[in-house]
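The structure appears right after this line, and notes come after that.
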Amino acid sequence: MCIFCILGIAILLWLLHIYMTGGVCKIKKDLSGKVVFITGANTGIGKDTALQLGNMNATIVIACRDTIKGQLVLDQLNKITQAYLIKLDLSCLNSVRQCVEDFKKLNIPQIDILINNAGVMAPQTYKTTKQSYELQFGTNHLGHFLLTELLIPYLKAAEQSRVVNVSSLAHRHSNLNFKDINLAQYANSKLWSIKYSPLAYGNSKLCNILHAMEISKRHGIKACSLHPGAVRTELMREVVQNPILNVVLKLSTVFYFLLSKSSLQGAQTTLQCALEDYDKLVDGGYYSDCKLKQPQNTNKQLAEKLWEFSAEKLRFYLEK
Ligand SMILES: NC(=O)c1ccc[n+]([C@@H]2O[C@H](COP(=O)([O-])OP(=O)(O)OC[C@H]3O[C@@H](n4cnc5c(N)ncnc54)[C@H](OP(=O)(O)O)[C@@H]3O)[C@@H](O)[C@H]2O)c1
Ligand SMILES: *[C@@H]1O[C@H](CO)[C@@H](O)[C@H](O)[C@H]1NC(C)=O
Ligand SMILES: *[C@@H]1O[C@H](CO)[C@@H](O)[C@H](O)[C@H]1NC(C)=O
C-alpha cells in the first residue's frame, strides 16, 4: 500500500519540480552585428545568458569583477563568436567609470542590449561599498545606475536598443526609505541578521524594477526587469558562510534541488527579455517565467524619486 503513497509523493514532487523550472524562451534570432553588454557573466545566470546569445552570433562584452573566472568564460565565448572581457567592480564607482573607459578603447560603436545581471545577496554581516553605501543597494542599484548612464550614448547609437535588469521576486520584501537608504541601524550588527540582509537585498531589487520603469522616460530607451526564478548559482556564497544556515541548507539539499532551476533554466527569462521583438517588449515591464507579471511596491512617483536620488548621489561621477 505504502509503495503507492511513496510513488504518489514522488510524482507530485517531480511535477512540482517541473513547475518550478518553468518558462522556456523559444525565440531564436541571428544576432550578427548586434552587441550585447552583460555584467556578472563569469558564472551563474549571466554566464549562461552570454553563451546562449553568443550562440546566436551576437558580439558579447562581459564585464566581470573576478577576471580570472571571466577569462574562462571569454575563452568559451571566443570559440563561438567575437567576445571581449572588461574588468568591473560595481561596488566601486571609480571601477564603473574605468570599465566604461576600457569599453571606449574597444572602438565598438553601439550597444544593442545592456543586461544588468550582476548581483550580491545577503552578506554575512553589514557591509558597504567603496563609497560607503550599503553593499546591496550600492552594488545592485547604484553601480548599475552609473554604468547605465555612462553607456547611454552607446545605447542611443543603436537603432532599437534595450536595457534588461535582472531583479528578483525578493523585491516584494522591501521598504525604501530615502532618508535611511543605507539601513544605518544595522551597521553594527556583527552576525548575519534576518532583518538586515533580506530587506537590503529586497530594496536593491525593487530599485532595479523602478530603474527600468524610469529609463525610457528619461532617455527614450526601452527597459524591462525580471525575476529569473530560484536558481542554483553562487548567489548563496555569503549565506553558506554562516554555519547554522549552511547546515540548514545542506539538510534541505533535496528540496532545494526540487524547488530550483539550473542556471541555464534561470537564464530563460533574461533571454526572453533580450530577444523579444522590439515592438512586443513592454517598456518598464517586469517579467517572470518568460511572461509579463505585475511587480509589487512600485509606483511612478517612487521610480521618479529613486532616479533623482541616485542621480544626485552620483552627480560627481556622472559629471567628472
Ligand atoms: N539565483 C537566484 O535564485 C536568483 C533569484 C533572483 C534573482 N537573482 C539575480 O540574478 C542575478 C545573477 O545572479 P546569480 O544567481 O547568477 O548569482 P551568482 O552565481 O552569484 O552570480 C552573480 C554575479 O554577480 C557578480 N558580482 C557580484 N558582486 C559584484 C560586484 N561588486 N561587481 C561586479 N560583479 C559582481 C559576480 O561576480 P564575481 O564572481 O566576480 O563575484 C557574479 O558574476 C543577480 O542579480 C541576482 O540578484 C538570482
Ligand atoms: C550564425 O552565423 C553563422 C554563419 O554566418 C550561420 O550559419 C548561423 O546560422 C548563425 N546562427 C544563428 C543562430 O543564426
Ligand atoms: C536596472 O537597474 C539599475 C539599478 O537599479 C537602474 O539604474 C537601471 O535603470 C535599471 N534598468 C532597467 C532596464 O531596469
Side-chain angles (χ1 to χ4, degrees), residues 20-21 27-34 38-50 52-59 62-73 80-82 85-93 95-96 98-99 115-123 127-131 133 135-144 146-147 164-173 198 200-209 225-240 256 259-267 269-270 275 286-289:
M20 291 306 290
T21 54
I27 309 168
K28 295 267 177 306
K29 279 188 179 156
D30 187 0
L31 298 175
S32 301
K34 303 271 183 210
I38 175 165
T39 67
N42 59 11
T43 184
I45 297 169
K47 174 182 169 183
D48 274 300
T49 304
Q52 292 305 312
L53 295 172
N55 276 329
M56 297 179 208
N57 294 332
T59 296
I62 56 173
C64 305
R65 173 172 54 178
D66 182 338
T67 48
I68 296 173
K69 268 156 68 187
Q71 184 64 45
L72 297 175
V73 177
I80 50 179
T81 190
Q82 192 169 28
L85 165 66
I86 308 180
K87 179 156 176 79
L88 167 67
D89 182 352
L90 287 160
S91 67
C92 171
L93 297 170
S95 169
V96 175
Q98 186 58 49
C99 168
I115 304 178
N116 289 323
N117 162 82
V120 56
M121 182 180 80
K127 285 185 186 169
T128 56
T129 64
K130 194 85 197 268
Q131 282 77 22
Y133 291 98
L135 185 71
Q136 295 161 93
F137 175 79
T139 306
N140 301 351
H141 171 67
L142 271 190
H144 275 136
L146 179 62
L147 179 72
V164 177
N165 262 1
V166 182
S167 174
S168 171
L169 190 66
H171 78 273
R172 292 182 181 184
H173 182 64
Y201 182 68
N203 280 350
S204 75
K205 290 288 144 181
L206 175 68
C207 291
N208 291 152
I209 299 176
S225 58
L226 66 105
H227 169 56
V231 193
R232 297 185 296 279
T233 62
E234 293 173 38
L235 198 63
M236 300 294 264
R237 57 179 107 177
E238 290 274 351
V239 179
V240 297
Y256 182 48
L259 300 178
S260 63
K261 302 181 181 184
S262 69
S263 58
L264 181 57
Q265 289 166 336
T269 306
T270 306
L275 296 168
Y286 168 78
Y287 291 75
S288 177
D289 281 338

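When a ligand or atom number is given, it counts from 1 through the structure's own listing order. Numbers here simply count residues along the sequence, with the first being 1.
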| note | Logged contact type for Ser263 with ligand 1, heavy-atom cut-off 4.0 Å, is neither
| Contacting atoms of ligand 1, where contact means under 4.0 angstrom from a heavy atom of Thr233 | 1 (N), 14 (P), 15 (O), 16 (O), 17 (O), 18 (P), 19 (O)
| query | Can you find a heavy atom in the side chain of Lys205 that is under 4.5 Å from one in the side chain of Ser167? | reply | yes
| Among Ile45, Leu90, Asp48, whose heavy atom sits nearest atom 30 (C) of ligand 1? | Leu90
| ligand 1 atoms in contact with Ala118 (distance to a heavy atom under 4.0 Å) | 24 (O), 25 (C), 26 (N), 34 (N), 35 (C), 45 (O)
| message | Tell me the contacting part of Arg232 for ligand 1: side chain, backbone, both, or neither, using a 4.0 Å heavy-atom threshold, strictly below. | response | neither
| message | I'd like to know whether ligand 1 has Ala63 as a neighbour, heavy-atom separation below 4.0 Å. | response | no
| task | Could you check if a side-chain atom of Thr129 sits within less than 4.5 angstrom of a side-chain atom of Thr139, using non-hydrogen atoms only? | result | yes
| task | Using a strict cut-off of 4.0 Å, indicate which atoms of ligand 1 neighbour a heavy atom of Val166. | result | 9 (C), 10 (O), 11 (C), 45 (O)
| Numbered atoms and elements of ligand 1 in range of Ser91, under 4.0 angstrom, heavy atoms | 31 (N)
| Atom indices of ligand 1 within 4.0 angstrom of Gly229 heavy atoms, with elements | 2 (C), 3 (O), 4 (C), 5 (C), 6 (C)
| request: Check if Cys64 has a non-hydrogen atom at a distance under 4.0 Å from any atom of ligand 1. | output: no
| query | So, is Pro228 polar-close to ligand 1, with some N/O to N/O distance under 3.5 Å? | reply | no
| Is the closest N or O pair between Asn57 and ligand 2 shorter than 3.5 Å? | yes
| query | Is there a nitrogen or oxygen of Asp66 sitting under 3.5 Å from a nitrogen or oxygen of ligand 1? | reply | yes
| said: Does the residue Lys69 have a heavy-atom contact with ligand 1, meaning some pair of atoms that are separated by less than 4.0 Å? | reply: yes
| field | Asn140 side chain to Ser204 side chain, donor-acceptor N/O pair below 3.5 angstrom | value | yes
| Going by the atom numbers of ligand 1, which of them fall below 4.0 Å from some non-hydrogen atom of Ala230? | 3 (O)
| task | Say whether Lys47 and ligand 1 are in contact under the criterion: heavy-atom distance to a ligand atom below 4.0 Å. | result | no
| Applying a 4.0 Å heavy-atom criterion (strictly less than), which segment of Asn117 is in contact with ligand 1: side chain, backbone, both, or neither? | both
| Taking only heavy atoms of Thr139, which atoms of ligand 1 are found under 4.0 Å from at least one of them? | 30 (C), 31 (N)
| ligand 1 contact by Arg237, heavy-atom criterion under 4.0 angstrom | yes
